[in-house]
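This is the structure I want to talk about, given as structure tokens.
Keep in mind it's a predicted model, so treat the numbers as computed, not measured. Residue numbers begin at 1 in each chain, while the letters A, B, ... track the order of the sequences.
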There are 2 protein chains.
Amino acid sequence: MAQANSEPRAPLSRELLLRAAVAIADADGLEAVTMRRVGEAVGAEAMSLYHHVANKGDLLDGLVDLVMAEIDERVERTAVPGDTWLQAMRRRILSAREVMLQHPWAPRLFETRPTMSLAVVRYHDRLVGLMRAGGFSYDLAHHALHALGSRALGFSQELFDPAASASPASERMLRELADQVPHLTGMMAEIAHDDPAGTIGWCDDQAEFEFALDLLLDGLDRRR
Amino acid sequence: MAQANSEPRAPLSRELLLRAAVAIADADGLEAVTMRRVGEAVGAEAMSLYHHVANKGDLLDGLVDLVMAEIDERVERTAVPGDTWLQAMRRRILSAREVMLQHPWAPRLFETRPTMSLAVVRYHDRLVGLMRAGGFSYDLAHHALHALGSRALGFSQELFDPAASASPASERMLRELADQVPHLTGMMAEIAHDDPAGTIGWCDDQAEFEFALDLLLDGLDRRR
DNA sequence: ACCTGAACACCGTTCAAGT
DNA sequence: ACCTGAACACCGTTCAAGT
């Protein structure tokens, strides 16, 4: 569809590669981000990428920085001056979450990178600043970062995900082996009863995220 | 070192492959668990594995089940009859953590598997049973599972890990750019002051885990 | 029934060669 | 300087062939 078929192709650049990689990840997931595929997307051979990116890890770090830039921008835009530390923290984290929801591949990427990028470090530094202004000791702020974990950036990896297990096979499994998981079966039944239309399905991810976030923030506020 | 060089090799079996895979993962990490490498470890070609395992995903699911069996066994052994729901939950989760610490590759494996194994589902089912007996509504127990996330199984993936960032390069980076992360710098300084010997380094993972766990359990107990 | 060798379709990456 | 083609060392997996 690109009519510029015969024109001299736009010169490659790190920016261009990163934008192509984001588009691929948004469309087909993180595992589709391949040197060959990115090369194809920008109309070059895979090996040409190495002139603008040290290696694949460098490219992935670039993606992290792009997402962090989006988060920082949104956090700044949605900030409200009069907020208490708890309100500000909550707002900031939920803003970060909105960006994460737009890039479903980002959580896995953030968890996978071996070293933390400067942008991620700075994000956490500002959270500590928020807590210090709210009366936290350094020690408690430190605990808070660990307790929040990835939730500070707006996501949690949901190891226990009944929705994902509700595939045809697993659903049948659960029914047949209901005596093996009696409590979960009862839990499912009650939640289905409370939501007969089943509009939000098994779990409302956003509600669960906010419940856990408030649980943590309230607990931290109490220990302040 | 295996003297049984000329003897007819022990026949392959799923059990044998899984034990070999665990040994490889314990020694060289999860990414070293390769069909070819497992085959080599049991003295067979990689393609022979497919007679005892559907594919690599099936093999990884088998690893999850092995770890879960270890956890279930330890949880049962360390249980204390008179415990309140909170004490029992805490003890159970810390027992699971001990197993996870013996298999550093397990957390990443658990996070990576696309579908939850029956053993993991049953583990969570028993946690719900514990909470129900402690007076939880199904709704609150459901929230609790989501809030705990992977912590229910004794680990948290520690996105923010100053220890990992304390590599030579990052340490220099932090020093040079101390004005970029003033709060973290202050935090580091105070923690270094409180622990002049530096025996536990930047963070005590176990203490951080227990702090976050207690924060969550206390909060849940209060909402019970 | 169980195991094997060769082969296929993918990876990331190196390297010498082109312009 | 930037880009390329061929090649290398890996993957998981298929398939026809062996015993």
Is A:T34 near enough to C:dG12 that one of its side-chain N or O atoms lies under 4.0 angstrom from OP1 or OP2?
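Answer yes for this pair, as a side-chain N or O of A:T34 is under 4.0 Å from OP1 or OP2.
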Can you check the B:L30 CG to D:dG12 C1' distance for me, whole Å?
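Roughly 15 Å, once rounded to whole Å.
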Quick check: do B:Q206 and B:R97 have side-chain heavy atoms less than 4.5 Å from each other?
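Counting from C-beta outward, B:Q206 and B:R97 do come under 4.5 Å.
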Output the rounded distance in Å from CG (B:D58) to P (D:dT13).
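That distance rounds to 10 Å.
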Any base atoms under 4.0 Å from B:S48, or only sugar-phosphate, or nothing? Heavy atoms, all strands.
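The answer is base, as B:S48 lies within the cut-off (heavy atoms under 4.0 Å) of a base atom.
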Starting at CE of B:M47 and ending at P of D:dT13, how long is that distance when rounded to a whole Å?
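Taking CE of B:M47 and P of D:dT13, I get 11 Å after rounding.
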Does any nucleotide pair with C:dT13 by Watson-Crick or G-U wobble geometry, both distances under 3.5 Å, and what is it?
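C:dT13 is paired, partner D:dA7.
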Any idea how A:F110 and A:F155 line up, ring-wise: parallel (<30°), tilted (30 to 60°), or perpendicular (>60°)?
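A:F110 vs A:F155 ring planes: perpendicular.
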Classify the ring geometry between A:H103 and A:W105 as parallel (under 30°), tilted (30 to 60°) or perpendicular (over 60°).
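Geometry flag for A:W105 against A:H103: tilted rings.
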Is the shortest distance from a Lys or Arg side-chain nitrogen in B:R122 or B:D72 to a carboxylate oxygen in the other one below 4.0 Å?
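Salt bridge flag = no for B:D72 with B:R122.
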Below 4.0 angstrom from OP1 or OP2 of D:dT14, is there any side-chain N or O of B:Y50?
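It does not, given that no N or O in the side chain of B:Y50 lies less than 4.0 Å from OP1 or OP2 of D:dT14.
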Check the distance between C:dC10's P and A:E40's CD and give it to me in whole angstrom.
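Computing the A:E40:CD to C:dC10:P distance gives 11 Å.
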Euclidean distance, atom CG of residue B:L49 to atom P of C:dG5 [Å, nearest integer]
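B:L49 atom CG is separated from C:dG5 atom P by 14 Å.
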Atom pair distance, as rounded to whole Å: CG in B:L12 and C1' in C:dA1:
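That distance rounds to 12 Å.
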By the 4.0 Å heavy-atom rule, please label A:M35 as base, sugar-phosphate, or nothing.
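Sugar-phosphate: the residue A:M35, judged by heavy atoms under 4.0 Å, touches backbone atoms but no base.
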Could you state the atom-to-atom distance from CD of B:E45 to P of D:dA17 in whole Å?
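In whole Å, D:dA17 P lies 19 Å from B:E45 CD.
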Below the 4.0 Å mark, does C:dT4 have OP1 or OP2 next to a side-chain nitrogen or oxygen of B:H51?
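False: B:H51 side-chain N/O out of range (4.0 Å or more) of C:dT4 OP1/OP2.
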Closest-nucleotide mapping onto DNA chain D: is A:R36 or A:H52 further toward the 5' terminus? I mean the 5' end.
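First, find each residue's nearest nucleotide; the 5'-ward one identifies A:H52.
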In this structure, how many angstroms lie between the P atom of D:dG12 and the CG atom of B:N55, rounded?
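The answer, rounded to whole Å, is 11 Å.
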Could you measure the distance from the CG atom of B:L60 to the CZ atom of B:R113? Nearest 0.5 Å is fine.
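B:L60 atom CG to B:R113 atom CZ measures 4.5 Å (nearest 0.5 Å).
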